[in-house]
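This is a predicted model, so every value here is computed, not measured. Naming convention: chains lettered A, B, ... in sequence-line order (proteins, then strands); numbering from 1 in each chain.
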Protein chains: 2
Amino acid sequence: MKKQPTREKLLDITFEEVYINGYTATSVDAILKKASVPKGSMYHHFKSKKELVLAMVKERLFPKMDAFFSYEIKENESITQSFRNTFLVVSKNRLLVTYGCPLYRLMVELSATDKEFDTVLSIKANEMKEGIKAMLEQGIALGEFDKSLNSETFATYMLTSVWGILSLSPSLSSSKTFLIQSQYILDSLEAYLLKKDGSL
Amino acid sequence: MKKQPTREKLLDITFEEVYINGYTATSVDAILKKASVPKGSMYHHFKSKKELVLAMVKERLFPKMDAFFSYEIKENESITQSFRNTFLVVSKNRLLVTYGCPLYRLMVELSATDKEFDTVLSIKANEMKEGIKAMLEQGIALGEFDKSLNSETFATYMLTSVWGILSLSPSLSSSKTFLIQSQYILDSLEAYLLKKDGSL
DNA sequence: CTGTCACTAGACTAAACAGTCTAATTGAAT
DNA sequence: ATTCAATTAGACTGTTTAGTCTAGTGACAG
């Protein structure tokens with residue numbers, strides 16, 4: 001168990017603390033205590049609390065999300081099935097089901113009042129929307145969905161409604177209810193499904 | 001323009017400040033300054049910041065939401081149309097579209113870390129779910145929806161997905177995109193619609 | 001007119017906050 | 001071994017925070 005470099009340890013602990021408590025409610029001192037890092041070290045690596053958290057967003061939060069969502073469709077798998085699989089993976093992630101999407105939580109807390117956070121977080125949100133949009137368009141191109149499907153607005157709908165469902169109070173959320181509700185999202189996609197033979 | 005009683009003025013300003021900035025990022029001093037109320041007066045009426053905000057939740061936030069959502073169905077109006085009307089009303093509310101639902105924002109910020117807030121806010125969230133659920137059940141009873149519709153989970157889905165859609169970054173939200181996306185929610189209800197004659 | 005009590009007023013306190021400073025220590029290069 | 005820059009260490013500072021305290025004010029009942 002070799003010693004983790006200070007900067008990396010700080011980013012890890014900052015992710016955990018800010019995810020659960022939010023940006024404002026997380027104090028620098030609390031992060032330092034949990035990480036067992038003295039103040040001077042932190043302010044050597046980061047010029048302020050905000051810089052620390054912005055670095056955490058770019059070097060921890062974003063990579064975590066990139067690793068989670070692939071937007072790739074496996075061979076012989078329909079786009080619908082691909083979405084279903086992603087929902088299944090999400091439902092199995094205890095933290096996501098309990099506390100919601102960390103990107104979304106930060107957006108809700110900070111986007112209205114902090115332009116810099118809003119810009120950075122919106123870029124990732126947009127990237128995710130584009131990923132979903134590309135999948136939907138692939139589905140249209142392959143004849144799975146009707147051309148009348150507006151991939152832009154439907155992608156945004158899928159993304160934000162999943163965020164909303166996930167961000168229920170921890171006391172009310174469960175992986176089972178998430179799965180049922182994600183099915184309703186797929187139901188709304190059904191309206192654009194081009195039924196072929198009775199293969200399903 | 002008669003002078004507003006101190007307590008009432010404090011609740012009004014507290015609602016505005018906490019709605020936009022959140023609980024933690026709103027300081028008592030900021031509220032007092034904006035309301036032009038001295039500290040002693042506030043601590044005469046409320047024993048702490050938390051009590052002030054809890055009172056605001058009960059005496060401002062909840063009544064505002066009660067006034068907004070009726071869960072009543074007009075004569076000769078289908079349940080589906082009734083939902084559509086509510087979405088239309090929501091889309092016309094600038095604050096809601098810009099900043100999202102104030103109840104939901106507070107839940108995202110506090111439910112994971114504060115049991116008391118979680119309890120109080122969850123009660124209202126549950127009440128709203130029950131209101132929607134009752135409408136759905138009325139729709140089943142009147143033959144508008146199929147009996148296979150799970151009113152409990154679908155009501156939760158409607159509520160949380162609307163919250164998610166509304167809580168997009170202010171820089172990305174608009175009343176038009178909200179309306180389009182709320183239509184997708186109604187699309188998912190379509191799967192349970194008992195089509196009758198060609199009256200629609 | 002006077003005593004009472006709800007409320008106002010704002011100076012004050014102690015703790016928590018983000019951020020600074022200088023000195024000590026480390027590790028790598030020479 | 002010596003040098004030197006990168007890092008660690010934590011005491012310190014100034015500000016903001018929620019909350020206290022005591023003196024005063026104003027309206028109203030007797």
Side-chain angles (χ1 to χ4, degrees), chain A residues 1-60 106 109-110 113-117 120, chain B residues 1-60 106 109-110 112-118 120:
Chain A
M1 182 159 150
K2 74 174 177 203
K3 195 184 131 195
Q4 196 185 17
T6 301
R7 205 188 114 95
E8 305 307 306
K9 194 201 286 183
L10 281 172
L11 292 174
D12 286 340
I13 302 290
T14 301
F15 173 80
E16 293 170 20
E17 291 294 295
V18 172
Y19 180 20
I20 306 301
N21 303 307
Y23 175 76
T24 314
T26 300
S27 76
V28 171
D29 286 336
I31 293 170
L32 297 176
K33 192 177 174 186
K34 198 172 172 190
S36 300
V37 164
K39 202 158 245 193
S41 299
M42 190 230 117
Y43 279 97
H44 170 76
H45 290 287
F46 306 98
K47 74 171 208 243
S48 67
K49 177 190 179 184
K50 191 168 170 176
E51 289 300 313
L52 165 64
V53 176
L54 281 170
M56 175 280 279
V57 166
K58 288 168 192 157
E59 300 176 39
R60 288 292 181 280
L106 269 183
E109 183 188 355
L110 300 172
T113 49
D114 190 301
K115 208 170 220 166
E116 206 170 343
F117 271 108
V120 171
Chain B
M1 180 159 153
K2 75 174 177 205
K3 195 184 131 195
Q4 196 186 16
T6 302
R7 205 188 113 94
E8 306 307 306
K9 194 199 287 183
L10 281 172
L11 291 175
D12 286 341
I13 302 290
T14 301
F15 173 80
E16 293 170 21
E17 291 294 296
V18 171
Y19 180 18
I20 307 301
N21 302 308
Y23 174 77
T24 314
T26 300
S27 75
V28 171
D29 286 335
I31 293 170
L32 296 176
K33 192 178 175 185
K34 198 171 172 190
S36 300
V37 165
K39 202 158 246 193
S41 300
M42 190 230 117
Y43 279 96
H44 171 75
H45 290 286
F46 307 97
K47 74 171 209 246
S48 67
K49 177 189 179 185
K50 192 168 170 178
E51 288 299 313
L52 166 64
V53 176
L54 281 170
M56 176 280 279
V57 166
K58 288 166 191 159
E59 299 177 39
R60 288 293 180 280
L106 270 183
E109 184 189 353
L110 300 172
T113 49
D114 190 301
K115 208 171 220 165
E116 206 170 346
F117 271 108
D118 183 42
V120 171

Whole-Å distance, A/L10 CG to D/dT8 C1', equals 12 Å
B/K115 meets the side-chain hydrogen bond (donor to acceptor under 3.5 Å, both in side chains) criterion, sequence neighbours left out, with none
B/E17 CD to D/dT17 P, in whole Å, measures 12 Å
Please tabulate, one pair per line, each protein N/O and nucleotide N/O from nucleotides 3-7 of chain C that are separated by under 3.5 Å, including the distance.
{"unit_1": "C/dC7", "atom_1": "OP2", "unit_2": "B/H44", "atom_2": "NE2", "d": "3.0"}

Here the ring-ring contact (aromatic ring centres under 6.0 Å, His included) pairs for residues 20-51 of chain B, sequence neighbours left out, are B/Y23-B/F117
Across all chains, not counting sequence neighbours, the salt bridge (charged side-chain N to carboxylate O under 4.0 Å, His left out) partners of A/K58 are none
Contact check, residues 19-40 of chain B vs DNA chain C, heavy-atom distance under 4.0 Å, returns B/P38, B/K39, B/G40
Rounded to whole Å, CE of B/M42 lies from P of C/dA9 at a distance of 15 Å
B/T24 meets the side-chain hydrogen bond (donor to acceptor under 3.5 Å, both in side chains) criterion, sequence neighbours left out, with B/E109
Name the atoms and distances for all side-chain donor-acceptor pairs under 3.5 Å in residues 27-41 of chain A, with sequence neighbours left out.
{"unit_1": "A/S27", "atom_1": "OG", "unit_2": "A/A30", "atom_2": "N", "d": "3.0"}
{"unit_1": "A/D29", "atom_1": "OD1", "unit_2": "A/K39", "atom_2": "NZ", "d": "2.9"}
{"unit_1": "A/K34", "atom_1": "NZ", "unit_2": "A/E16", "atom_2": "OE1", "d": "3.1"}
{"unit_1": "A/K34", "atom_1": "NZ", "unit_2": "A/E17", "atom_2": "OE2", "d": "2.9"}

Minimal heavy-atom distance between B/L52 and B/L11, with the atoms involved, is O-CD2, 4.0 Å
Taken to the nearest whole Å, OH/B/Y43 to P/D/dT22 is 17 Å
Sorted by chain and residue number, the salt bridge (charged side-chain N to carboxylate O under 4.0 Å, His left out) partners of B/R60 (sequence neighbours excluded) come out as B/E8, B/D12
Rounded to whole Å, CG of A/L52 lies from P of C/dG19 at a distance of 10 Å
Go through A/V57 and A/L106 one step at a time and tell me if the side-chain contact (heavy atoms from CB on, under 4.5 Å) criterion holds. CA-CA 10 Å; A/V57 166; A/L106 269 183; 3.9 Å; yes
Rounded to whole Å, CZ of A/F46 lies from P of D/dT7 at a distance of 11 Å
